[in-house]
Each structure stands twice: as structure tokens, then as C-alpha cells.
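Data block below; observations after.
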Amino acid sequence: MKSQDVRKQFLDFFASKGHLIVPSAPIVLKDDPTLMFNNSGMAQFKEYFLGNGTPKSTRIADTQKCLRVSGKHNDLEDVGFDTYHHTMFEMLGNWSFGDYFKKEAINWAWELLTEVYKIPKENLYVSVFEGNPEENVPFDQEAWDIWKELIDEDRIILGNKKDNFWEMGDQGPCGPCSEIHVDIRSVEEKALVSGKSLVNNDHPQVVEIWNNVFMEFNRKADGSLEKLPAKHVDTGMGFERLCMALQGKTSNYDTDVFTPLIEKVEQITGLKYTSNEVLNSSEEQNKTNIAIRVVVDHVRAVAFAIADGQLPSNTGAGYVIRRILRRAIRYGFTFLNTKEPFINQLVSVLANQMGEFFPEIKAQQQLVTNVIREEEASFLRTLDQGLQLLENVVAETKGATVSGTKAFELYDTFGFPIDLTALILREKGFELDEAGFNAAMQEQKNRSRAASEVSTEDWSVLIPGNVETFVGFDQSESDVKITRIRKVDSKKDGILYQIVLDNTPFYPEGGGQVGDKGTLVSANETIEIIDTKKENNLILHFTKKLPENVNAGFIAKVNQDLRSLSSRNHSATHLMHQALRSILGTHVEQKGSLVNPNYLRFDFSHFAKMTETELQQVEDFVNARIQEQLPLIERRNIPFAQAVEEGAMALFGEKYGDEVRAIKFGESMELCGGIHVKNTAEIWHFKIVSEGAVAAGIRRIEAITSDAVKAHFASYENTLNEVKSALKNPQDILKAVHSMQEENAKLAKQIEALVKDKVKNLKASLIAEIQEINGVQFLAKQVDLNPEGAKDLAYELGNLGNNLFLVLATADEEKPMLTCYVSKELVAEKNLNAGQVVRELGKFIQGGGGGQPFFATAGGKNVAGIQQALDKAIEFVR
């Protein structure tokens, strides 16, 4: 059975059981600050389990893209070494929100597996929760009784809290679960060892494929459990493992989920992958197999993350994506002998495979390919640089063990992989101080963990029920009551309080726009709201202290000045998006934004640097729309399909509901939940301040509007007045500047001529100072020249013979510089290298540099170290 059919049959089965089939949420989470990535099928439904929202149906089924590479669920380092762990995987799931419970969930799971997919019953084992007296949670008798009607009792296993009690996190909904495991070993293996003894023991052919979680409890901050007001079902089946079982394979990588990608890698590299059926592969072949598994797994994770809007970067979720891709590049570089970008070529295969169920990968194929190609090229350059730096570390090492701290610097500063460092060192006969490396790594993790550590207390509910309403589109003030509060303690921000109101005019951070600030005012006090965010469908107002009387009535007041500035910038992003598509082409799509009171930032897909003319055209376009005084046309709660059909822009990677809000200014129409001006005239003026690259095929514009533009023009006027004053207030400033430039050019030519004369004079005097040491003409000398003059002098002296070793030092404008010239004959005969010389001597002037074997330079900061460097130079020829 093909994988596409496996997926379709699952969804069709649960549709027949009254489930609403919904699309996968983006793999990158933008509205849940507690998670970087969607790491399970239930992540997009958390608000329903918490009681903070109402699902569109009490029965839902889907296939969800998941990523497990950070935090509690982290499979990254296992990937490639076994046959069933992945970074990105699909989770097939069915959900009940207060509707059916254990009986239906278990019976339907059994029916699908044994009657639809026709997995032999004798290959299946199930587990139920054995209970936990310490937490007063009993043995799951109900699940046991249901299962024993379907399967022999000797195939039912009791599971402990670790295996059979599922929790969303340290706090939140949880409950006992019932897992289904499949034994895909051969008949001979089954006869030797019972599959029951291998369940949950990391056997690659006795694996869990489905977990049915029965949400009955809420885990509180103090660790205690309380009953949920309603019971829910949350199930998840591993799509890749299911395909393995149904296709008669013993490895996920031997299924058609991965074989097209593997075949493409074989075609590119000329190497062969041996399937899991082939035993006793050589060590070299095993390394090849692992590397190919790493590459084909990781490209899926990276490609879908980029398609959903997360570009590789140096922080947060972007750093995780970059790290996954770099791991794949590194395995290709080391074990597949790929020294040029190649992973990007797999994207077309992936798009053809998965585009039907996940159209975003097809629609974003070109962008994903470009970004991956550029990341590959960049990291391959880093690897080259790291290899040179590692050579330096080895050269400085006394003994046979390389410092773990030095290796960590290579890893942390340059991204050079530690396993590659260890491999190269072994080849050179050195050992790595792994304990030192691990200690440095742990120290960094501790610092990072301490900086981001957050403890959250339970909610104190003052007014029960899900009654919160956002009124901020129409109001900036509102009479409110506090419905719940909780305390949050973080190492970064200290103690803060989160307040939920029955209604709020405060806009929570989202869609690129920052959260509102303002105040809560009662008859007796004023509480400052320092930020507003959304979490699990609750709008959280952050304060540094709680009101003395939390039961009082308050007026919630948004800081209208800050909101007004943000709204002008937000509306300007819509107009700029329209301008970019009009001027550059309809390939332009928004890839990210930041809107705050001070400026706007807009990332978009485009293949080239924008010209000055194009930037001016964008400015003119937006300012023309401002001058037209276009009114805001806002349509709330219109069907998503209708809005798109009418021309509204929907962004990839965003999660839209069935009903949406459309924002229209003239011909610009976008789906957006942010705060906007009532008329474009409020923006006043639009000015681009920068344009640059973010990644391959992604550009970034930063711009300002309104008060910031006024300040910008005022600053330019002040600068112009200062220039005018410095030039003695000429009538024509531009003419005066051109005159000064011409005069400067004449002086530069005169100086250049003087330096050349000086070089000739110095050459004559320095020839007499050259010494012969071991058959080498040697000179190390500080000269009164600029760096360019020192270079000319070095080549002049180098022309005198074929055995010169020369080090010249300069201190032009108190900036020390070392220049080394080595005759090419000496480079060949005596293995001298000017680049290595300046790297070594550069330490004395607190700097470094490099160059070619016959000519190199090093700059530094310590002029006082010049003499030590010159004294040390002689050691290279002794």
C-alpha cells in the first residue's frame, strides 16, 4: 500500500465516523509562546483541552506535521543511527472534545488497524495504565475490559507512569493512555523471543504505532491532579512507522516515504544505500547509510519549516532549523564526499511526493530550494574556514591532546561540528579532551537555561467560564473585571503577573504587531500594563504588581499614542506589500514582519537587490496612496474561501480559521487581525531607510512613517547645517564639496608619489641590513610607511633574489601591521609559509591575518608588541 493511500484511508475512515477533517497546522508555531514548533498532533488544539475555546466540531481528525528537535521532545541526535526516529514526522490523529471516550477510541483503532489496514492481530500488543497510588490514579480497568473483548489478555501489557500516562507539559491537561505496538519481526525471530518482552524496550522492529490518550486530569503547578470538567480523547499514530508495518519493511527508510529521496541522493553522490534487509554491511557502508538517512530526514524538516515561514537564523526557532540543516550538510561533507551544495536538489522530489496533501511545499518550492542552497554554500565555506582554524589549534597544541575549550570555541563561534573535529584529530594522531568540551558545553547550557527559566503558578480564577471578549478594534478604553490572575517568575524579567479580563481593548502581540501597553485604572489605583500577549486563546496582560483589590471594577486604557504609531506602521506594511507586488512582480510574498511604534520591518520573497529606482518607486507608490486619503474598509467574520476569492492576500505559514477579518485600503486587501488607521492620511508620510538580504531569495525593508519621518528629516537638516558650517557657509554646498573632493584627490596623488620615492630610498638603505642565516637572506624591520607602502617595499626587495625572508612592521596612525614576504623558491624548498608566519607573529600585536604562502599581512591593536614580533621572526629561518 502506497503511503498516499495509507494517509487517505485514515482520514476517510474517521470521516465515516463523523469526524471533521482539518488541515495540518503550520510546523512553526506563531501563537503559542510555550512551544517553538508543533511537536505533537494535539498542539493546535491545546486551547480546547484547556477550556479556552470552542472547537468547530467535537470530533476532528487530521494529519499533522510535527518537529521534535528541542526541549523535552528531542530526537535529533538519534536520527540516522536507527531506523525509526525522525526530526519531522507526520502524526495521524483523531480527537474528541467532550464527546466519545475510551470505548469508541479503542474500538475504532482496532477496527482501522485490523479490518481496514488488515494488520494481523497476532502482530499487535496493547498497553494500559497500571495506576499510580501515590497520585490516587487507579489502574485503568475500563480500558483493560474494552481491550480484552478484542485481543487475548496475554497481549495486554500494564504500563507505568513513564509509558502510559501522557502529559502536555509540567502543567496542564493529562491522563492515562493506551498504546498499540506492532511486531514486524520474522516468524523465526518471534519463535525465539516473545514480542511482549520487547515492547517499550527500543527494539527497532517492535515499535509503538498508535497512542490513545484519555484526557481526564489537569496537572497543577504544585504537581497535584484535579479532574477536568469534561473528558477528551487525543490520539496520535506515527505515519512513517505505520507505512513500515503496512509495506512489509523493517525500516521507515525502506518505505516509499523516503525511497524517492534516497534514490535522488544516490544519483547525486554515486553512492549506494543498502536497505535494512541487507545484513552485515561494512563499516564504510554503515557510515554511508547513516549519512543518507540523516540527509533525507533532515531535508523534510528544513523544507517544511521554511515553507511555513521559518527561515534559518542565529536565534530561536531559526537557529534550530539552521542546526538541523548543518547536521545534514556535515554528514554529506564527511561521509558522502559532497563538497558542493546538493541537498537543495531534493526539494523538487519532496514537493512531488507530498504536494497533494501539503500544498505549501509545492507553492513555496523555489523559495525553499534557494534558501537551502544558500545555507549549504555558506556552511561549506564555514567548514573550510573551520578546517584552517583547527590546523592552527593543532599547531599550537603541546602534547597529543587538544583542549576541549578550544574545540568548544570552534563549535560555538564558528559552528564547526564537534564530531568532525574529533574525526580530524584522530586522523592526525591527536585526541580530543572530550571532558573539557562537555564541561564548556554544559556551562553554556546552564547559562542559557538560567536566562530563560520561567516558573508559572496555577491560574487563580475569579470569574469562572470562557467569557473573554476582544473589543480593541472599536475601543481603546473599556470597563472591565478581572477574571483570572497568575504569577510568573523568570530569570530574565523577574516576577510578573498575568491578568485576564472579561473584555479587553488591549491588542495582544501577533501578526508582526507588538502588544499594546497602557493602564488598568480603578477608583483607588492605577496599574501599568507593560505588554499584552496571547496564549492558548487567552489574552494575557502583563503587570509588575497586582491591584490591591482584584475584584474591583477597572477601566482598561490603551496607550493611544503608542497604538496610533503602531497602527500607522502596520497599515503602511499593507500598502508597501501592494507596492512591491505592483513594481517587482506578483512573485513577491510577505515572509515576516515587525510593526512597533518606532518603525516597520517587512521581509518578502524576491530574487535580487532592489535598485535605487525601484525603492523610490515603492516610496512614491505608498505616498500616493497616503495622499489619496483611502478609508479603511474592514470586514469581520467573512468566510475564508470568500475572502480569498475576492482577492485577499493569505500568507503561507499562518493559521486561519473558517471565518477571517479582511483589511482593505483601495486595491490593497489582506487577511489581518491587527490594528489599523481609519484613513491612510493618518500615516502622513512613508520613508524607506534600508533594504537588504535576509536569506537567499528573501529581502528585508525597514521603513518609517509619521513622527519618525519628521524626526528623520529634521536630523538630515541638522546634519546639512553642520556640513555647511564646517565648509564656512558657502552659497553652493554641493559645489564646495566637489571642490574639496578634487583637492583631496590631488593631495592623494602627491602623497602616493612621495611614498614611492620613500620606498626607493628605503630599499637602498635596507639592502645593507639584510643578513644571511642558513642560506636565507633575512630581514625583520619596522619602517615608517603606510601598509600599502610596506607592500610595495616588500615586492621591491623581493625582486633582488630568490631566497629572501622578509618581515616589515608599520604603525601608521597607531595601527600596527606586519607584512611578510617569502621568495617562492623558499616556500617550495624550506616549507616556509607567509600566512603561518603572520598568524604566529600577529599574536604579539594582539591581532591576526593571513594571505598566500609567499605574501601575507596581519593587523593588530598593540603597537608595543611590534619589536617582540620582529625579534621572534628570526626563529623561522634558524
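Residues take their numbers from the sequence shown, with the count starting at 1.
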Within the distance-only criterion (no hydrogens, no angle test), does the side chain of Tyr507 pair as donor or acceptor with the backbone N or O of Gly510 below 3.5 angstrom? yes
After noting the C-alpha distance and the side-chain angles of Gln617 and Asp620, does the key distance pass the side chain to side chain contact (heavy atoms under 4.5 Å, CB included) rule? CA-CA 5 Å; Gln617 287 176 326; Asp620 293 344; 5.6 Å; no
Whether the side chain of Gln475 engages the backbone of Gly472 through a donor-acceptor N/O pair (distance < 3.5 Å, no angle test) should be reported. no
Checking His541 against Thr532: is there a side-chain donor and acceptor pair closer than 3.5 Å? no
Show your reasoning for whether side chain to side chain contact (heavy atoms under 4.5 Å, CB included) applies to Val550 and Leu462. CA-CA 8 Å; Val550 293; Leu462 307 179; 3.8 Å; yes
Might you work through the side chain to side chain contact (heavy atoms under 4.5 Å, CB included) test for Ile372 and Leu325, ending with a clear yes or no? CA-CA 8 Å; Ile372 291 178; Leu325 180 53; 4.2 Å; yes
Ring-plane angle category for His587 and His606, please: parallel below 30°, perpendicular beyond 60°, tilted otherwise. parallel
Closest non-hydrogen atom pair between Val660 and Ala643, with its separation: CG2-CB, 3.9 Å
Does anything in residues 692-713 pair up under side-chain hydrogen bond (donor to acceptor under 3.5 Å, both in side chains), and if so which pairs, sequence neighbours excluded? Arg568-Ser706, Asn569-Thr705, Asp603-Arg700, Glu691-Arg699
Answer yes or no on whether Arg322 is positioned over the face of Phe379, meaning its NZ or CZ is under 6.0 Å from the six-membered ring centre and within 45° of the axis. no
Pairing donors with acceptors under 3.5 angstrom, does anything connect the side chains of Gln616 and Glu612? no
Could you grab the distance from atom CD1 of Ile698 to atom CZ of Phe604, nearest 0.5 Å is fine? 9.0 Å
Compute both the distance and the angle, then confirm whether Arg625 meets the cation-pi test with Phe621: under 6.0 Å from the six-membered ring centre, within 45 degrees of the axis. yes
Check: Arg484 side chain, Trp459 main-chain N or O, donor-acceptor pair, under 3.5 Å: no
Do Leu520 and Thr526 have side-chain heavy atoms sitting under 4.5 Å apart? no
Nearest heavy atoms of Ala650 and Leu671, plus distance in Å: CB-CD1, 3.9 Å
Any side-chain donor near an acceptor of the partner, Glu528 and Thr519, under 3.5 Å: no
Salt bridge check, Glu634 against Arg661: does any charged N sit closer than 4.0 Å to a carboxylate O? yes
With the side chain counted from C-beta on, respond yes when Leu350 and Phe304 share a heavy-atom pair under 4.5 Å apart, and no when they do not. yes
Do you see a donor-acceptor pair shorter than 3.5 Å between the side chains of Glu374 and Asn370? no
Write down the atom of Met610, the atom of Ile701, and the distance for their closest heavy-atom approach. SD-CD1, 3.9 Å
Candidate pair Arg636 and Asp474, rule salt bridge (Lys or Arg N to Asp or Glu O under 4.0 Å), full reasoning: CA-CA 12 Å; Arg636 301 178 195 170; Asp474 305 305; 2.7 Å; yes
With a 4.5 Å heavy-atom cut-off, do Thr504 and Val480 have their side chains touching? no
Could you tell me if the side chain of Pro730 sits less than 4.5 Å from the side chain of Lys735, heavy atoms only? no
Does this structure show an ion pair linking Glu457 with Arg486, if we count only N-O contacts that are shorter than 4.0 Å? no
Among pairs that include at least one residue of residues 664-689, which meet salt bridge (charged side-chain N to carboxylate O under 4.0 Å, His left out), considering only residues two or more places apart or in two chains? Glu619-Lys687
Which atom of Val320 lies closest to which atom of Phe37, heavy atoms considered: CG1-CE1, 3.7 Å
Do Thr543 and Ile529 come within less than 4.5 Å of each other through their side chains, counting heavy atoms only? yes
When rounded to the nearest 0.5 angstrom, what distance separates CD1 in Ile626 from CZ in Phe686? 7.5 Å
Salt bridge or not between Arg563 and Asp561? Use side-chain N to carboxylate O under 4.0 Å. no
Scan side-chain atoms only and decide if Glu548 and Asn524 contain a donor-acceptor pair under the 3.5 Å cut-off. no
Quick check: closest heavy atoms across Pro508 and Lys533, and the distance to 0.1 Å? CB-C, 3.6 Å
Okay, side chain of Asp308, backbone of Ile27: is any donor-acceptor separation there less than 3.5 Å? yes
For the residue pair His570 and His676, does the interplanar ring angle fall in the parallel (under 30°), tilted (30 to 60°) or perpendicular (over 60°) class? tilted
Can you tell whether the side chains of Asp732 and Lys724 come within less than 4.0 Å, N to carboxylate O? no
Once rounded to the nearest 0.5 Å, what's the spacing between atom NZ of Lys591 and atom CD1 of Ile306? 10.5 Å
Within the side chain of Thr369, is there an N or O that forms a donor-acceptor pair under 3.5 Å with the backbone of Gln365? yes
Check: Gln560 side chain, Ser476 main-chain N or O, donor-acceptor pair, under 3.5 Å: no
Kindly indicate whether the side chain of Arg300, heavy atoms from C-beta on, has any atom under 4.5 Å from the side chain of Lys65. no
Just wondering, do Ile499 and Leu501 contact through their side chains at under 4.5 Å, heavy atoms? yes
Find the distance between CD1 (Ile60) and CE (Met42) and round it off to the nearest 0.5 Å. 12.5 Å
Output for pair (His577 NE2, Cys672 SG), nearest 0.5 Å, gives 12.0 Å
Side chains of Glu589 and Gln364: do they bring a donor and an acceptor to under 3.5 Å? yes
Quick check: Tyr497 with Phe542 (ring centres under 6.0 Å apart)? no
Can any side-chain N or O of Ser571 pair as donor or acceptor with the backbone N or O of Ser567 at less than 3.5 Å? yes
Got a donor-acceptor contact below 3.5 angstrom from the Thr680 side chain to the Leu630 backbone? yes
Within the 3.5 Å criterion, strictly below it, is a donor on Ser478 or Asn503 matched to an acceptor on the partner's side chain? yes
Can you spot which of Glu360, Gln44, Gln64 makes a side chain to side chain donor-acceptor pair (under 3.5 Å) with Ser24? Gln64
Strictly below 4.0 Å, N to O, side chains only: are Asp502 and Lys481 in salt-bridge contact? no
From Leu496 atom CG to Asp531 atom CG, the distance as rounded to the nearest 0.5 Å: 9.5 Å
Counting C-beta onward and ignoring hydrogens, is there a side-chain heavy-atom pair between Phe45 and Asp62 closer than 4.5 Å? yes
Show the numbers, then the answer: is there a side chain to side chain contact (heavy atoms under 4.5 Å, CB included) between Glu646 and Met669? CA-CA 9 Å; Glu646 291 178 9; Met669 184 176 176; 4.0 Å; yes
Please report the closest heavy-atom contact between Leu311 and Ala695, naming both atoms and the distance. CD1-CB, 4.4 Å
